[in-house]
2 protein chains.
Amino acid sequence: MNSIKELFVNRYSLSPENFDLFYSNITEVTRSKGEAIISKGEIHHSVYFIKKGAVRSYYINADGKEITYWFGFEGDVIASLGNFVESKPSLETIELLEDVVLLKIDRTKLIELYNTNVELANFGRQLAETGLLEMEQQILLNQVTDAKTRYLSLIEKHPQILQRVKLGQIASYLGITQVTLSRIRAQK
Amino acid sequence: MNSIKELFVNRYSLSPENFDLFYSNITEVTRSKGEAIISKGEIHHSVYFIKKGAVRSYYINADGKEITYWFGFEGDVIASLGNFVESKPSLETIELLEDVVLLKIDRTKLIELYNTNVELANFGRQLAETGLLEMEQQILLNQVTDAKTRYLSLIEKHPQILQRVKLGQIASYLGITQVTLSRIRAQK
DNA sequence: CCCACATTTTAACATATGTAAAAAGAATTC
DNA sequence: GAATTCTTTTTACATATGTTAAAATGTGGG
């Protein structure tokens, strides 16, 4: 069986039976590096879990520059939040940094599961709350620490990120230019 | 009856009956300006909704400076997320900027409600997902726009914030010094 | 109304970051 | 393996922001 089951059953209070119910609604899809899984301006009807691979979420600013604001790796959830929560067109594009394997579930089906199964509803709640905590920590980190510290903590958290992600994308994620990132890296 | 009911029933798919069940576990508390509702290092056992008043959440950085990273107003939820999600001591302090009226619910009781009532579990899920969307938008805003734009959008979103919050706190929220904020205000 | 205290603005200077362009280094293709 | 293209680093300069301190303004108490 797949390790996603262990991950879900252990991390969230989900019984094996309800995991199986959840999993029976999932389809595994593969996509290639460079593709966009969710594009700006579109409405999407699926939520994904990353089984294998890396993705980034970016936004295009007023100057037309791509600003990366999230990296996703194995185990992370991909959803266009504006889409999912408010059924509004996506502001962001989610792009595949590598060939990926995704677990896909239909949004309507997922909500149906949530509405009919207390345990799955609480699984969904915990999924969102965990995300909330991570985002709060990122907001805190962005506000409290300088770019150098954030760069160091990023490579500590994802040691392989330098091999998987381009420095220009990391720089925009850190809120600095690539030139500044180069200076930080030279310092060390 | 109170308008919190309308707010909850309309904003989240919560039936009046289940709202009443939820509300029967709530106690209304008043606290005075300057008090800390949640303090750094402590474990808390309650979640709050702001009925009246303003609060801020701050973190103390390596230099001992208070960094405000969240303002809460009427209708917002107050919870120490690290606390709530992972039962870890709070990193932040939540301080009252005004005299407030809070709706308080015991964490254990809330989780019990979530675990036994599918509708309330989905209410909790939507609460977290809505928070997630707001946080994502804040992360985006912080990364995409400069301090001046964020200042202007902050006072647009909360027109009374200048009367309710000190400029030094707003500056730290924007990630700049108070001197820079003064310069921005002078420009306009 | 005046005084003491808190808050905000202004000034002067040092430092960090952005911009634009060139140079260096890697990776890919033929 | 030479040539092309993409990525990263470096340089030089302009601008924005931080720091520290002083001045100005606002606020509440007696």
Side-chain angles (χ1 to χ4, degrees), chain A residues 32-35 54 56 58-69 71 95-99 141-155 158-188, chain B residues 32-35 54 56 58-69 71 95-99 141-155 158-188:
Chain A
S32 304
K33 177 175 177 173
E35 281 186 50
R56 71 169 179 131
Y58 70 86
Y59 181 87
I60 303 204
N61 77 357
D63 303 333
K65 278 188 192 161
E66 293 180 0
I67 311 290
T68 298
Y69 69 96
F71 292 113
E95 181 193 76
L96 308 185
L97 298 169
E98 304 171 344
D99 293 352
L141 201 72
N142 287 347
Q143 216 136 14
V144 172
T145 60
D146 59 14
K148 183 178 181 179
T149 308
R150 277 182 288 135
Y151 170 70
L152 294 174
S153 80
L154 182 68
I155 55 179
H158 302 290
Q160 358 75 320
I161 200 169
L162 293 175
Q163 283 76 52
R164 304 174 87 175
V165 179
K166 279 181 270 187
L167 286 180
Q169 294 167 354
I170 292 177
S172 82
Y173 175 79
L174 294 171
I176 56 179
T177 61
Q178 188 173 347
V179 175
T180 303
L181 180 55
S182 267
R183 286 194 270 237
I184 286 170
R185 285 159 55 84
Q187 264 181 255
K188 227 201 130 183
Chain B
S32 304
K33 177 176 178 171
E35 281 186 50
R56 70 168 178 131
Y58 69 86
Y59 180 87
I60 304 205
N61 76 358
D63 302 334
K65 278 187 194 160
E66 293 180 1
I67 310 289
T68 298
Y69 70 97
F71 293 114
E95 182 193 75
L96 309 185
L97 297 168
E98 304 171 343
D99 294 350
L141 202 70
N142 287 347
Q143 216 136 15
V144 172
T145 60
D146 59 14
K148 183 178 180 179
T149 309
R150 276 182 289 135
Y151 171 70
L152 294 174
S153 80
L154 182 68
I155 55 180
H158 301 290
Q160 358 75 321
I161 199 169
L162 292 175
Q163 283 76 52
R164 303 174 88 175
V165 179
K166 279 180 270 189
L167 286 181
Q169 293 167 355
I170 292 177
S172 81
Y173 175 78
L174 295 171
I176 56 179
T177 61
Q178 187 172 348
V179 175
T180 303
L181 180 55
S182 268
R183 286 193 272 237
I184 286 170
R185 285 160 55 84
Q187 263 181 260
K188 227 202 130 180

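Quick note on labels: first sequence line is chain A, next is B, and so on, each numbered from 1. Reckoned from all heavy atoms, side chains included, excluding hydrogens, waters and symmetry mates.
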May I have the distance from Ile170(A) (atom CD1) to dT9(D) (atom C1'), rounded to whole angstrom?
15 Å
How close or far is atom C1' of dG18(D) from atom CD1 of Ile184(B), stated in whole angstroms?
13 Å
Please state how far atom NZ in Lys148(B) lies from atom C1' in dT17(D), giving the value in whole angstrom units.
15 Å
Donor-acceptor pair, Ser172(B) side chain versus Thr68(B) backbone, under 3.5 Å?
yes
Nearest atoms (heavy-atom pairs only) where Gln143(A) meets Ile67(B)
CG-CG2, 3.7 Å
Range on DNA chain C touched by chain B, heavy atoms, distance below 4.0 Å:
dT7(C) to dA12(C)
According to a strict under-4.0 Å criterion, is Arg185(A) in side-chain N/O contact with OP1 or OP2 of dT9(D)?
yes
May I ask you to decide if Thr145(A)'s main-chain N or O and Thr149(A)'s side chain share a donor-acceptor pair within less than 3.5 Å?
no
For each nucleotide in nucleotides 22-29 of chain D, reading 5' to 3', give B when a protein heavy atom comes within less than 4.0 Å of its base, S when such contact involves only the sugar-phosphate, and - otherwise.
--------
Look up atom CG in Leu162(A) and atom CZ in Arg185(A), then write down how far apart they are to the nearest 0.5 Å.
5.5 Å
Classify the side-chain pair Arg56(A)/Tyr69(A) by whether it contains a donor and acceptor separated by less than 3.5 Å.
no
Could you check whether Leu181(B) gets within reach of a base, just the sugar-phosphate, or nothing at all, counting any heavy atom under 4.0 Å?
nothing
Over its full length, what angle do the end axes of the helix from dC1(C)-dG30(D) to dC30(C)-dG1(D) make, each axis taken from five pairs and the result rounded to 10 degrees?
40°
Looking only at heavy atoms, which two atoms of Ser153(B) and Leu141(B) are closest? And how far apart?
OG-CD2, 3.9 Å
Could you check whether any side-chain heavy atom of Leu96(A) comes within less than 4.5 Å of a side-chain heavy atom of Ser32(A), counting everything from C-beta outward?
no
Can you measure from CD (Glu66(A)) to CD (Glu95(A)) and round to the nearest 0.5 angstrom?
6.5 Å
Atom-pair distance (CD on Gln178(B); C1' on dT17(D)), nearest Å
15 Å
Distance-only, no hydrogens or angles: does the Asn61(B) side chain make a donor-acceptor pair with backbone N or O of Asp63(B) under 3.5 Å?
yes
How long is the straight-line distance from CZ of Phe71(A) back to CD of Gln169(A), given to the nearest 0.5 Å?
6.0 Å
Look only at the side chain of Glu98(A) and the backbone of Ala54(A), and say whether a donor-acceptor pair between them is shorter than 3.5 Å.
yes
What is the separation between atom CZ on Arg164(A) and atom P on dT7(D), rounded to the nearest whole Å?
18 Å
Nucleotide dT17(D), atom P - distance to OH of Tyr151(B) in whole Å
15 Å
How close or far is atom P of dC6(D) from atom CG of Leu167(A), stated in whole angstroms?
17 Å
Report the residue (Val179(B) or Lys166(B)) whose heavy-atom-nearest nucleotide on DNA chain C is the more 5′ of the two.
Lys166(B)
Value in whole Å for how far the C1' atom of dG18(D) lies from CG of Asp146(B):
17 Å
